[in-house]
S.K.: 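Please find one structure pasted underneath; my questions will follow.
Just so it is clear: chains get the letters A, B, ... in the order the sequence lines come, proteins before strands, and each one is counted from 1.
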Amino acid sequence: MSREVIEKAYDPTGLERRWYSFWERENYFAADHASPKPKFSIVIPPPNVTGSLHMGHALQHTLHDILVRWKRMQGYNVLWLPGTDHASIAVHYVLDKQLEAEGKSRFDLGREQFLSLAWKWKAESGGIILNQMRRLGVSCDWSRERFTMDEGLSNAVKEVFVRLYEEGLIYRGEYIVNWCPRCKTAISDLEVAYRQVLGKLWFIRYPIIGSSQHLVLATTRPETMLGDTAVAVHPEDDRYRNLIGGQVQLPLMDRPIPIIGDSFVDRDFATGIVKITPAHDPHDYEVALRHELPRVTVIDESGRMTPGAGAFAGLDRFECRRRIVDQLASESLLAKTEEYLHNVGHCDRCASAIEPKVSLQWYLKVESLAKPAIAAVESGTVRFVPDSFKNRYFEWMYNIHDWCISRQLWWGHQIPAWFCDACGDVLVQRDKPEACPKCKGCLREETDILDTWFSSALWPFSTLGWPEETPDLKTFYPTDVLITGPDIIFFWVARMIMMGLKYMGDVPFHQVHINGIVRDANRQKMSKTKGNIIEPLQLVEEYGADAVRFTLSSMAVPGTDIPFSTDRMKGYSAFANKVWNAARFVLMNLDGSESHVSAEGIDELLRQKALSLPLEDIWILHRLDEVARGISDSLEKFRFHEASSLIYQFFWHEFCDWYIELIKPVLTTKEDPAGPRAERISILLHAMDYSLRLLHPFMPFITEEIWQKMPHSGRSLMVQEFPSARTIRSNPDAARAMQVLFDLVLAVRSARTEMNLDPRAELDARLTVAEPAMRATVEESLDRVRALARLRSVAIAEALPETSEDVFVLCGIWTQGEFALNLAGAIDVGAQRRRLEKERDSLAAEIEKILRKVNNHEFRSRAPQEVVEENRRRHAELLERMGRLEGLLAQFPGADSGE
RNA sequence: GGGCGCCUAGCUCAGCUGGUAGAGCACUGCGAUCACACCGCAGGGGUCAUAGGUUCGAGUCCUAUGGCGCCCACCA
């Protein structure tokens, strides 16, 4: 059969979807719990069902897929478990917006209707992101896809909740929490984002009862004064200590409140007097507990003033603030106003200002869970990559607070608790109870749901079937590695470690690779408001998934942010084209008689014919071996940028620039199909095959497409073996010899260009080889040198002719000797002299540097022997080179002496 | 206030355990030679933020300073 000639430029359109469905159809993504192979498992950081693929996802999924494809090709039983997170607040936010557009709120619908709307939305839009992931080429096991609100996962959540409650680790209580007045739910400390805001500091006069004096105190939130139940001063503050025990009249409310002493007050801040609003400030809440002060709630769950706010009842909190300031001013109770830069907490999801609020919530006691989780990281059972991220982890874990796990939302896991209003009993159990076991009274079901991160914490084992002891759970837990962003170390990573240790008795993963944040080319965070968002799918459409993947991988230095550059991506899209054209060239020159030879077959060839195989063949096999090892070493350490660079440099600058150039004459010769040509072609095809395997985890689509067009054995590249070290191919001598030849070619090319020779000039070259051992190698390779340096002829001479007596002109030196070209008088003597002098100067500088080292007896006595030897060797080499260079220069009239 | 990280070629960045400063892009010159102009060949460009220190030897380790960034805490 004759090979098809492929398109001149690589076009990923169409072919990516085709290969993706092929892989899926062939079931290559599926893991097998019964496989005898060693397992490698990863659970996906489940994207929100509300999500749409952004650069951060693209990065993470690319890195996952590189690892997963690499391990699969290495013969592991690989599970990459995909799924989505129900993201309760995010879904609420989306649906709230929709309802708002219709002039409604979720409360108009009621819980039941809202939930059916949510499920409907999930069915329609929840899978978008997973399909977007497919476009990137991710090889997840879709048959094991999970959703955090699946029946199985919901059972796991309920089970964990009940067990924790029964153990006394979950409790319910009334505390001050972060309340979002827009989402109308409590949120955890982690969900509060502090932002710097230029606000005001209002200084207000509180009249002292029984005196004509005032106390002046400062506040950023005057509306909360309506709920003040005390003012506080530092007990040792000489200005005010004698007032402690007295009272002030609370302005606007005409209520007397006590003056108390508490050492939390900072005497140096403002006037040193603090108003105490226990119901609306976390610090004041604590103070009130210490001093048994009453709490007066003046702001409700929507952020409006309550009846407790008297005349201000019903106003929005910010409107109330304005009114109060006006009124204070009109009553001469406003002493002054200052601009004040401070941090204000905002809801992570909807950006509303957080309102601290006292309410009844469920909490998880985390201290006993945190201890073993800290130990797991301290002992190295869980390793962070890069290591420095464990500091963040420790910092948070050592100061961990109880976790407020209840939310006043509807979409999520309902807390399995029932209350008896008759006797006040609280039941927490797996199944719904009929009636109160104590008084037979009616039961009221808890309406709160759990924080989304509660179910996420169970993800590594709930997705595998826990609490059932499923084969999947036994086979794939613990997983091998977690790849995620730095922003969810606390939200997710820490909590998974705690829950994994608690319920599986083992960590959920052994390594946590923290990737950077993808920024725009100017290092700015991408955001809708800045309008600098780069859509990964748009890039995929434009440049192909392979180019996008390779770009992300090549920039993924562990722990550092990625300034995504379109220029750079264009470069990698050019790389894809390069790979394509290398294949194109090979295919064009096959006649269809060639067949695939296995790696073992090539090894056998090497064993039998080692001495007669051409140097470049031995060299390319040696390099393939080294590069394969390098890529695996780098991937083992999550050094994706290094692995990418290895395959890129190898393929472009060794395979294409040297190897293909070297075998061009063989390839384009159609003779001798059964002889040495056949052997050489099989080595070429093998090198191509192995290069494609090495590249496949990074660029799965183009490599599959090419591989399928080349002679091959097997159904798909993605299930071929990833190249591993084959010691028989290791041949450092061949590599060194090749390097010497390259150097010669480079020296000749350089001389041609720098002396402004006509590129079409047909030149003959003569050269000397200093090292006798090298002479045979060079001799045998003269044809290669001739072709690569574009010479008409080249020959070795014992000594080069004097410039004056021949048309040959000494042109330069290379590692092994000198060379001359027949320039037939066309030489620019000045130009040649200048370039030789330039080379001499830089050589002299180098010699000088190394000489200082070698002459230093401290260096000789203290540096390791091999370093000293290496420097001596190098010094001798440079001196020899200098000798040759000066010899050349001496023949040029007008050359300076040069020292 | 506490902690972490960064500062290397015009730009964006590599340089892991100290031992001859690298890549991509950009730039300059040459080249339509039959895989690729999304290309080839050759070339220019760096006191590795600054100042000290350790070391035979520092981009790499230590200290300080300056600039930039991130995380945590969140004093009204």
S.K.: Mind checking A/S565 for me? I need base, sugar-phosphate or nothing, with any heavy atom below 4.0 Å counting as a touch.
M.R.: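 Nothing: the residue A/S565, judged by heavy atoms under 4.0 Å, touches no strand.
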
S.K.: Contact class for A/F638 vs. all strands (heavy atom < 4.0 Å): base, sugar-phosphate, or nothing?
M.R.: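 No contact at all - A/F638 keeps every heavy atom at 4.0 Å or more from the nucleic acid.
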
S.K.: Shortest non-hydrogen contact from A/P235 to A/S263?
M.R.: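 Residues A/P235 and A/S263, closest heavy atoms: CD-N, 3.6 Å.
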
S.K.: What's A/P486 touching, base or sugar-phosphate or nothing? Going by heavy atoms closer than 4.0 Å.
M.R.: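 Result for A/P486 = nothing.
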
S.K.: Assess the side chains of A/D567 and A/S565: does a donor N or O sit below 3.5 Å from an acceptor N or O?
M.R.: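 No, because no side-chain N or O of A/D567 sits under 3.5 Å from a partner of the opposite role on A/S565.
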
S.K.: Quote, to the nearest angstrom, the P distance that separates B/rA49 from B/rU12.
M.R.: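 Pairwise P distance, B/rA49 against B/rU12, rounds to 15 Å.
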
S.K.: Inspect the surroundings of CZ in A/R383 and state if more than 12 heavy atoms from other residues, nucleotides or ligands are less than 6.0 Å away.
M.R.: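 No, the 6.0 Å shell around CZ holds no more than 12 heavy atoms from other groups.
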
S.K.: Between A/H283 and A/K8, which has a closest nucleotide on RNA chain B that is more 5'?
M.R.: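 Counting from the 5' end, the first nearest nucleotide belongs to A/K8.
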
S.K.: Please measure how far the P atom in B/rG69 lies from the corresponding atom in B/rA76, and state the result in whole Å.
M.R.: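 After rounding to an integer number of Å, I get 23 Å for this pair.
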
S.K.: B/rG31 and B/rG5: how far apart are their C1' atoms, nearest whole angstrom?
M.R.: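 That atom pair is separated by 47 Å.
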
S.K.: Rounding to the closest angstrom, what is the interatomic distance between B/rG46 and B/rG59 at atom C1'?
M.R.: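 One C1' to the other, the span is 11 Å.
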
S.K.: For B/rA49, give the paired nucleotide (Watson-Crick: N1-N3 plus N6-O4 or O6-N4; G-U: N1-O2 and O6-N3; both under 3.5 Å), or none.
M.R.: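 The answer is B/rU65, by the H-bond criterion.
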
S.K.: Could you check whether A/H875 gets within reach of a base, just the sugar-phosphate, or nothing at all, counting any heavy atom under 4.0 Å?
M.R.: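 Here A/H875 touches no strand at all.
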
S.K.: If B/rU28 has a Watson-Crick or G-U wobble mate with both distances under 3.5 Å, name it; if not, just say none.
M.R.: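 When the pairing criteria are applied, B/rA42 turns out to be the nucleotide that pairs with B/rU28.
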
S.K.: So what does A/I489 hit on the nucleic acid, given a heavy-atom distance under 4.0 Å: a base, only sugar-phosphate, or nothing?
M.R.: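 Counting heavy atoms under 4.0 Å across all strands, no contact is made by A/I489.
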
S.K.: Expressed in whole Å, how much space separates the C1' atoms belonging to B/rC68 and B/rA23?
M.R.: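 24 Å, rounded to whole Å.
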
S.K.: Check whether the side chains of A/K390 and A/S388 place a donor and an acceptor atom closer than 3.5 Å, and report yes or no.
M.R.: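 Checked: A/K390/A/S388 side chains show no N/O donor-acceptor pair below 3.5 Å.
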
S.K.: Heavy atoms only, 4.0 Å cut-off, all strands: where does A/W652 land among base, sugar-phosphate and nothing?
M.R.: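 Answer is sugar-phosphate: A/W652 comes under 4.0 Å of backbone atoms only.
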
S.K.: Cut-off 3.5 Å, side chains only: do A/T815 and A/D743 have a donor facing an acceptor?
M.R.: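 Checked: A/T815/A/D743 side chains pair up, N/O donor to acceptor below 3.5 Å.
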
S.K.: Classify A/E661 by what it touches in the nucleic acid, base, sugar-phosphate, or nothing, heavy-atom distance under 4.0 Å.
M.R.: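 Base: the residue A/E661, judged by heavy atoms under 4.0 Å, touches a nucleobase.
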
S.K.: Is a side-chain donor-acceptor pair under 3.5 Å present for A/K275 with A/T224?
M.R.: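 Judged by distance alone, the side chains do pair up.
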
S.K.: Do A/H291 and A/D262 have side-chain atoms, one donor and one acceptor, less than 3.5 Å apart?
M.R.: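 A pair is found: one side chain offers a donor N or O, the other an acceptor, under 3.5 Å apart.
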
S.K.: Would you confirm whether the ring centroid of A/F819 sits within less than 6.0 angstrom of the ring centroid of A/W814?
M.R.: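 No - the distance between ring centres of A/W814 and A/F819 does not fall below the 6.0 Å cut-off.
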
S.K.: Does the side chain of A/D228 pick up a donor-acceptor pair with the side chain of A/Y206 at under 3.5 Å?
M.R.: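 Yes, side-chain donor-acceptor contact under 3.5 Å.
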
S.K.: Which part of the nucleic acid, if any, lies within contact of A/E754, taking any heavy atom under 4.0 Å across all strands shown: a base, the sugar-phosphate backbone alone, or nothing?
M.R.: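 Touches sugar-phosphate only.
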
S.K.: With heavy atoms of chain A within less than 4.0 Å as the criterion, where does contact along RNA chain B begin and end?
M.R.: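 The protein-touched segment is B/rG2 to B/rA76.
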
S.K.: Applying a 4.0 Å non-hydrogen cut-off, can you work out what A/K838 is touching in the nucleic acid: base, sugar-phosphate, or nothing?
M.R.: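 It contacts sugar-phosphate atoms only.
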
S.K.: Please work out if A/D266 contacts a base, only the sugar-phosphate, or nothing of the nucleic acid, heavy-atom cut-off 4.0 Å.
M.R.: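 Contact class for A/D266: base.
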
S.K.: Taking the same atom, C1', in B/rC13 and in B/rC6, what whole-Å distance lies between them?
M.R.: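 12 Å, rounded to whole Å.
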
S.K.: Using a heavy-atom cut-off of under 4.0 Å over every strand shown, decide if A/K664 touches base, sugar-phosphate, or nothing.
M.R.: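 Counting heavy atoms under 4.0 Å across all strands, the contact made by A/K664 includes a base.
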
S.K.: Want to settle it: does A/R873 or A/V274 sit nearer the 5' end of RNA chain B, counting the closest nucleotide to each?
M.R.: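 Between the two, 5'-proximity favours A/R873.
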
S.K.: Reckon A/R752 touches a base, only the sugar-phosphate, or nothing at all at heavy-atom distances under 4.0 Å?
M.R.: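 Nothing: the residue A/R752, judged by heavy atoms under 4.0 Å, touches no strand.
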
S.K.: Report which part of the nucleic acid A/Y572 touches: base, sugar-phosphate, or nothing (heavy-atom distance under 4.0 Å, all strands).
M.R.: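 The answer is nothing, as A/Y572 stays clear of every strand by at least 4.0 Å.
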
S.K.: Please state the P separation for the pair B/rU50 and B/rC7 - nearest whole angstrom.
M.R.: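 Going atom to atom, P in each nucleotide, I get 12 Å.
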
S.K.: When all nucleic acid strands are considered with a 4.0 Å heavy-atom cut-off, which category describes A/S554: base, sugar-phosphate, or nothing?
M.R.: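 A/S554: no heavy atom of the nucleic acid under 4.0 Å.
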
S.K.: Across all strands shown, which nucleotide pairs with B/rC56 by Watson-Crick or G-U wobble geometry, both distances under 3.5 Å?
M.R.: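 Paired with B/rG19.
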
